[in-house]
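Naming convention: chains lettered A, B, ... in sequence-line order (proteins, then strands); numbering from 1 in each chain. Below, all heavy atoms of this structure are taken into account, side chains as well, without hydrogens, waters or symmetry copies. Note that the structure is predicted; figures quoted are calculated from it, not measured.
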There are 2 protein chains.
Amino acid sequence: MIVDDEEKIRILLRDFLEREGYRVLEAPDGKQALEMFQKYENDIDLVLLDVMLPEFDGWTVCREIRKVSQVPIIMLTARSEDFDEVHGFEIGADDYVKKPVKPTALIARINAFFRRLERGKGENNVLSFDGIEIDDASHVVRVDGNEISLSPKEYSLLLILVENRGKIVSREQLLNQVWGYDYYGGLRTVDTHINRLRIKLGKKADAIATIRGFGYRFEG
Amino acid sequence: MIVDDEEKIRILLRDFLEREGYRVLEAPDGKQALEMFQKYENDIDLVLLDVMLPEFDGWTVCREIRKVSQVPIIMLTARSEDFDEVHGFEIGADDYVKKPVKPTALIARINAFFRRLERGKGENNVLSFDGIEIDDASHVVRVDGNEISLSPKEYSLLLILVENRGKIVSREQLLNQVWGYDYYGGLRTVDTHINRLRIKLGKKADAIATIRGFGYRFEG
DNA sequence: ATTTTTGTTAAAAAATTGTGAACATCGCAA
DNA sequence: TTGCGATGTTCACAATTTTTTAACAAAAAT
């Protein structure tokens, strides 16, 4: 998403970005930017954000977005002096580029950015709640720091429950997600695996709550 | 990260560095430098550090950073006389440059620095975990100090597992990386080679963990 | 020509999984 | 308070899946 009040700049950047294979959304001011972000949040992978904007300035937009999302934000500043770097990074900007923007330089920076992001991805995928840690890269599950060994079904079950922590997941949903949509088998099977999982979770067994008549829920 | 109280110098250096493709953080005094370092430690590859600073002087900043990090530090000194070389290197500075700084000279020095670092990387390519050493230059593998002889496939297998230590590597991934993307053959082949590798690893066999249903994982 | 490495197969071993039945618990209505 | 049906838990065991191991022959390297 490009946020800039000058149409010329938006068009310039959009053309370059689209030529690079990116898809672009545009907003001319802070207000519309926030509305658009709310609407298309899941489709937006990067925000190019001018500092000088009508309605809300770039800092405000950046802060607001940061309240709800960790999307990468690159700030565009009119003159380098305008950018208080410490301030910028503190409110959550990921990088900044000085105007006048040289599209080639910007593209290089954006590409580099995604590269870096890609590399960083694999690193730190640890879900952790209430003494239960799940590292998806290694499939290591720890209870109070001690590694426990789960079977594939048990692991998937736990993962889905944790991903939906706080929400009830029905036996049907669990069957669909762990066993697959085409699986034909009894619902009691889920109970059995929940049971085995609880046993392995030891004293943390009641992190998985039974919601009678509905399913199970992980208590985050 | 550039640490200097004179804004003009910071801007001068930053512009030159950015033109060279480096990304720059700035701090105007010792206190902010340390705060920033704490916050962005993982993003900082090099510190340019003025000796004369408000709040804490350069020596102090250098010492503090050294307590937590081995990041390269280049000190900037107003006049060469100010730099007590022995003292400087003793507290952990890696190099020093005399002011007035000629940006081109500094850039050359920095580039050289990273080159040296890069080359240094290539030299000492011994991966070592849990009593298993792998010297990629010579292809020598040692278990508890005793050299063992691995076949090419076994070696590649071990290397890839170790490079991804802590993460699960699936049989498909191993086939792709060891045998090549175009290889058509059974997955069981991987098992067989893992088996042979384990036998040669002797008592360290269980450094390669089986993650049933998913693949193998080297326990770093 | 000999040795080493490699891929495949099949049997053995190990771990996981599904099922049904017994048992426990809950909510509700008598 | 009790009894009942519905729902959830637990258990044992057989079936299945997956991994390990061994054996063997082809291919490659020495």
**Student:** Could you go through residues 140-160 of chain A and list every donor-acceptor pair under 3.5 Å that involves a side-chain atom there, pairing it with any protein atom two or more places apart or in another chain?
**Tutor:**
unit_1: A:S151; atom_1: OG; unit_2: A:E154; atom_2: N; d: 3.4
unit_1: A:E154; atom_1: OE1; unit_2: A:S151; atom_2: N; d: 2.9
unit_1: A:E154; atom_1: OE1; unit_2: A:K200; atom_2: NZ; d: 2.8
unit_1: A:Y155; atom_1: OH; unit_2: A:D136; atom_2: OD1; d: 2.7
unit_1: A:S156; atom_1: OG; unit_2: A:P152; atom_2: O; d: 2.9

**Student:** Hey, what do you get for CG (A:D50) to CG (A:L13), rounding to the nearest 0.5 Å?
**Tutor:**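 A:D50 atom CG to A:L13 atom CG measures 10.0 Å (nearest 0.5 Å).
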
**Student:** Does B:R66 form a side chain to side chain contact (heavy atoms under 4.5 Å, CB included) with B:V71? I'd like the steps, not just the answer.
**Tutor:** CA-CA 8 Å; B:R66 271 291 167 272; B:V71 68; 4.3 Å; yes

**Student:** Relative to the 5' end of DNA chain C, which residue comes earlier, A:S149 or B:L150, by the nucleotide with the nearest heavy atom?
**Tutor:**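 Result: B:L150.
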
**Student:** Distance check needed: C:dG7 P versus B:L197 CG, whole Å only.
**Tutor:**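 Nearest whole value for this atom pair: 14 Å.
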
**Student:** Whole Å only: how far is the CD1 atom of A:I148 from the P atom of C:dT16?
**Tutor:**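 Those two atoms, CD1 and P, are 12 Å apart.
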
**Student:** Do nucleotides 18-23 of chain D as a string where each nucleotide becomes B, S or -: B if the base has a protein heavy atom under 4.0 Å, S if just the sugar-phosphate does, - if no protein is that close.
**Tutor:** BBBBB-

**Student:** Report the distance from atom CG of B:L174 to atom P of C:dT6, rounded to the nearest whole Å.
**Tutor:**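 So the CG-P distance, B:L174 to C:dT6, works out to 15 Å.
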
**Student:** How close or far is atom C1' of C:dT19 from atom CG of A:L175, stated in whole angstroms?
**Tutor:**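 Whole-Å distance recorded here is 13 Å.
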
**Student:** May I have the distance from B:E154 (atom CD) to D:dA29 (atom P), rounded to whole angstrom?
**Tutor:**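 Going from B:E154 (CD) to D:dA29 (P), I get 15 Å.
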
**Student:** Under 4.0 Å between a side-chain N/O of A:W179 and OP1 or OP2 of C:dT17, yes or no?
**Tutor:**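 Result: no.
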
**Student:** Please report the distance, rounded to the nearest Å, between CG in B:L187 and P in C:dT8.
**Tutor:**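 About 10 Å, once rounded to whole Å.
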
**Student:** Side chain to side chain contact (heavy atoms under 4.5 Å, CB included), that's the test. Do B:R165 and B:L127 meet it? Break it down for me.
**Tutor:** CA-CA 11 Å; B:R165 86 201 82 98; B:L127 293 162; 4.2 Å; yes

**Student:** Can you check whether B:S151 has a side-chain N or O nearer than 4.0 Å to OP1 or OP2 of C:dT4?
**Tutor:**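 Negative; the distance criterion is not met.
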
**Student:** Separation of A:H193 atom NE2 from D:dT16 atom C1', in whole Å?
**Tutor:**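 Computing the A:H193:NE2 to D:dT16:C1' distance gives 12 Å.
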
**Student:** Regarding B:D191 and B:R171, does a basic nitrogen lie under 4.0 Å from an acidic carboxylate oxygen?
**Tutor:**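 A salt bridge is present here (some side-chain N lies under 4.0 Å from a carboxylate O).
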
**Student:** Main chain of A:D4, side chain of A:R10: is a donor-acceptor contact present, judged purely on distance under 3.5 Å?
**Tutor:**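 Flag set: sc A:R10 to bb A:D4 pair under 3.5 Å.
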
